Amino acid sequence: MPNTRVIYWFRTDLRLHDSPALQAALGLHPEAFWPVWTWDPHYVYRARVGVNRWQFLTDCQNDLSKSITKLNKKSKLFLMREAPQTLFPKLFKAWKITHLVFEKDTDAYARDRDANVIKAAEEAGVQVIVRSGRTLWDSDLLVEKNHGKPTMSISQVQNAGPKIGLIPRPIPAPKSLPDPGPTNLDFKQDEPDQRPDFNGKSRQSADKSYEKIAGPKGDFAVPTLEELGFPSATSAHRGGETIGLKILDNIISDETYTATFEKPKTSPAAFDPQATTLLSPHLHFGSLSIREFYWRVQDIVTTFKGKASQPPVSLTGQLLFRDMYFGAQAKLGYSFGQTMYNSHCRFIPWHLPSKVNHETKLVTGEYHIDSTEAEEWFQRWKWGRTGFPWIDALMRQLRKDGWIHHLGRHAVACFLTRGGCYVSWERGAEVFEEWLLDHETASNAGNWQWLSCTAFFAQFYRCYSPVAFPKKWDKEGAFVRKYVPELKNLDDKYIYEPWTAPLANQKKAGVKIQGNGSEDVQGVYPKPMFDFGERRTVCLDGMKKAYQVGLYGDDAKVIDGSWRKLFDDHGEGPTEGESFEDAMGPSAGSEDKIREGPEHGFDDDGAIEEDESGAKEIGGESKGGEKRGSKRKAGQKTLDAHFKKLKTG
DNA sequence: GCACTGGTTGGCGAA
DNA sequence: CTTCGCCAACCAGTG
């Protein structure tokens, strides 16, 4: 088509195979075609992204760029370091663009962003083409066919999905790409707002990825980890369409594995190789198409001679859960990622609840420390020093590799929330957001709600034991020995409860079970941070009570704080009455009452009061750091400092 | 409206 | 060593 000049905007579809949006763009037969990525400050600073996920993302981008160049020597992935909302209006003019094409994204932030970009395009006379492709079915259509309601069970997806139609067969990758037009950038770069930087703590040096719009060499290159100020990645799992398709080939080549896969029967303790496909990060970044995955598996299942497994436990069944969470998020928007204002998330008076801005109805990224004990438990959980080897091994695997098995995620999520610490699922979700390679908001928030029994799942009396559960999979503790090497010589019978090992056995194994993990001493592993049996009972009682009270995140009593009157004074978590005062400190007139106030634009009405220890260091930003840090309790400060040291060291 | 079943992945002790 | 029923009890979906 003469005079058609197209920007194809890549986002979470970093591939050439099976892209409905890319097909639509090429169907315009443009005279000029630019494959573009915009380096969005929202992702760089306001999302929690650990170094391993940066590596995976840039792997995908570099691989895609190479593949583009293979199809057209003049072309590549043109990566520009600016927010799309400000960049595109300038590009439309500079490059005389007629069409902008991209794949639909139903993440809450993405919808806002895309709406702004679409508006700017309309104002510039640029035609926008959007195609669904990230999920099996268009998430908005799925909601529509589910009577306009968020998809909250797998049976709803299984009913609503087929009403939309058959899952489309994958589209082959294009065999050629049109030339790009000139890539002049004779306009001024809009500098990003670097504050707050949720990833600031991970950086060794300042982020330099925005210094020039087309990169340091002006060649539109993908930023390096060094430019981002990050140290080297620690995970061996690498990104890119080439790798994603190769992993799929390997899976498919084992017909029995593919056709008889049953998720609950795969071992969370297996490593090298793991028991599941490890394709989830590729689905997240789009380096593997979900329909490619679906149909390659389905075709094996159809021809398989023998008894094939069925959804939801089968391989294709796993994909249905993903669509379920996307459907829930598509309807519930931002509120799906939090408890407050979430109409479908049960309210439980967890420890360490999120702070909320009641004007925007969004969480601020900070949280209340209602209990220093719970904060210590949370930090020990995060850094793999709980004293429960199964939990610690999983959390260390997460930090190092960026991936843990689904059932391992169950174990650590249950332990942090309803089955141990009674800490808000939102704290755990933030850690997963930072460290998981495959993190996507919909699946992460959905699964945390599932495991914490606040949505999707309600059998809170089914509780994972950090001792009994792993024994079912790994009697010898090979997984623990790999990720918690302090314990590698301990006898099998003590591997999941080393505190029961007699001193003679500890000595023989070269490990001392002592302390609370606050000191990093060679040959020492901490004692368990609580009696699990006791905590399980306390949590179960708390959950029972919270279910009886029956509040959801959008209830007026939850929002105004009057929920406290409905809970027993002696129950777990922040409650009303005398012991509330004891636990939280006086709610008024305290000299230490330094609060997140209107000066920060947060209008938190204090649904839960903080204790005098501050509760300000969280959220990954340095805002108000020193002032409040000094008010922290000494013990906690030491612990925090230690964990920080571990993290960088 | 009510009884009943099933729910991707629990733990435990008895037989 | 495996299988079964119980624990104390949730919700959604169905007839």
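Below, chain A is the first sequence line, B the second, and so on; all start at residue 1. The model shown is predicted, which means the values in this text are computed figures rather than measured ones.
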ask   = Expressed in whole Å, how much space separates the P atoms belonging to C:dG5 and B:dT5?
value = 14 Å
key: Over 12 foreign heavy atoms within 6.0 Å of NZ, A:Lys545   = yes
inquiry  = Just to be sure I understand the rule, does A:Trp473 reach a base, reach only the sugar-phosphate, or reach nothing, if contact means heavy atoms closer than 4.0 Å?
reply    = nothing
remark   = From CD1 of A:Ile404 across to P of B:dT9 the rounded distance in Å is 19 Å
request  = For A:Lys471 and B:dT9, give me the distance from atom NZ to atom C1', rounded to whole Å.
outcome  = 19 Å
message = Could you tell me how far apart A:Phe469 (CZ) and B:dG11 (P) are, to the nearest whole angstrom?
response = 6 Å
message = Could you tell me how far apart A:Phe456 (CZ) and C:dC11 (P) are, to the nearest whole angstrom?
response = 16 Å
task = Can you tell me, in whole Å, how much space there is between the P of C:dA8 and that of B:dA14?
result = 15 Å
request  = Measure centre to centre between the rings of A:Tyr422 and A:Phe460, then say whether the value is under 6.0 Å.
outcome  = no
query = Taking atom P of B:dT9 as reference, at what distance in whole Å does atom CG of A:Asn447 sit?
reply = 13 Å
request  = Rounded to the nearest angstrom, tell me the gap between atom CZ in A:Arg418 and atom C1' in B:dG11.
outcome  = 13 Å
ask   = Whole-Å distance between B:dT9 P and A:His410 NE2?
value = 8 Å
ask   = Could A:Arg111 and A:Asp140 be called an ion pair, given the rule that one side-chain N must be under 4.0 Å from one carboxylate O?
value = yes
Ring centre gap for A:Phe456 and A:His344 strictly below 6.0 Å = no
task = Fit a plane to each ring of A:Phe532 and A:Phe415, take the angle between them on a 0 to 90° scale, and name the class: parallel (under 30°), tilted (30 to 60°) or perpendicular (over 60°).
result = parallel
query = Does the side chain of A:Gln459 get closer than 4.0 angstrom to OP1 or OP2 of B:dG6 through an N or O atom?
reply = no
key: A:Tyr461-C:dC7 aromatic stacking (under 5.5 Å, under 30°)   = no
ask   = Are any of A:Arg536's side-chain N or O atoms less than 4.0 Å away from OP1 or OP2 of C:dA8?
value = no
inquiry  = Taking the P atom in each of C:dA9 and B:dG1, what is the distance between them to the nearest angstrom?
reply    = 25 Å
inquiry  = Please classify the nucleic acid contact of A:Arg346 as base, sugar-phosphate, or nothing, using heavy-atom distances under 4.0 Å.
reply    = sugar-phosphate
task = Once you apply the 3.5 Å cut-off to both distances, tell me the Watson-Crick or G-U wobble partner of C:dA8, or none.
result = none
query = For B:dT8, which nucleotide is its Watson-Crick or G-U wobble mate, given both distances must be under 3.5 Å?
reply = none
key: A:Ser153 side-chain N/O to C:dG13 phosphate OP1/OP2 under 4.0 Å   = yes
message = Students often get this wrong, so: under 4.0 angstrom with heavy atoms, is A:Ile154 touching a base, only sugar-phosphate, or nothing?
response = sugar-phosphate
request  = Starting from P on B:dG7, measure out to CD on A:Glu262 and report it in whole angstrom.
outcome  = 13 Å
message = Taking only side-chain N and O atoms of A:Arg462, does any of them lie within less than 4.0 angstrom of OP1 or OP2 on C:dC10?
response = no
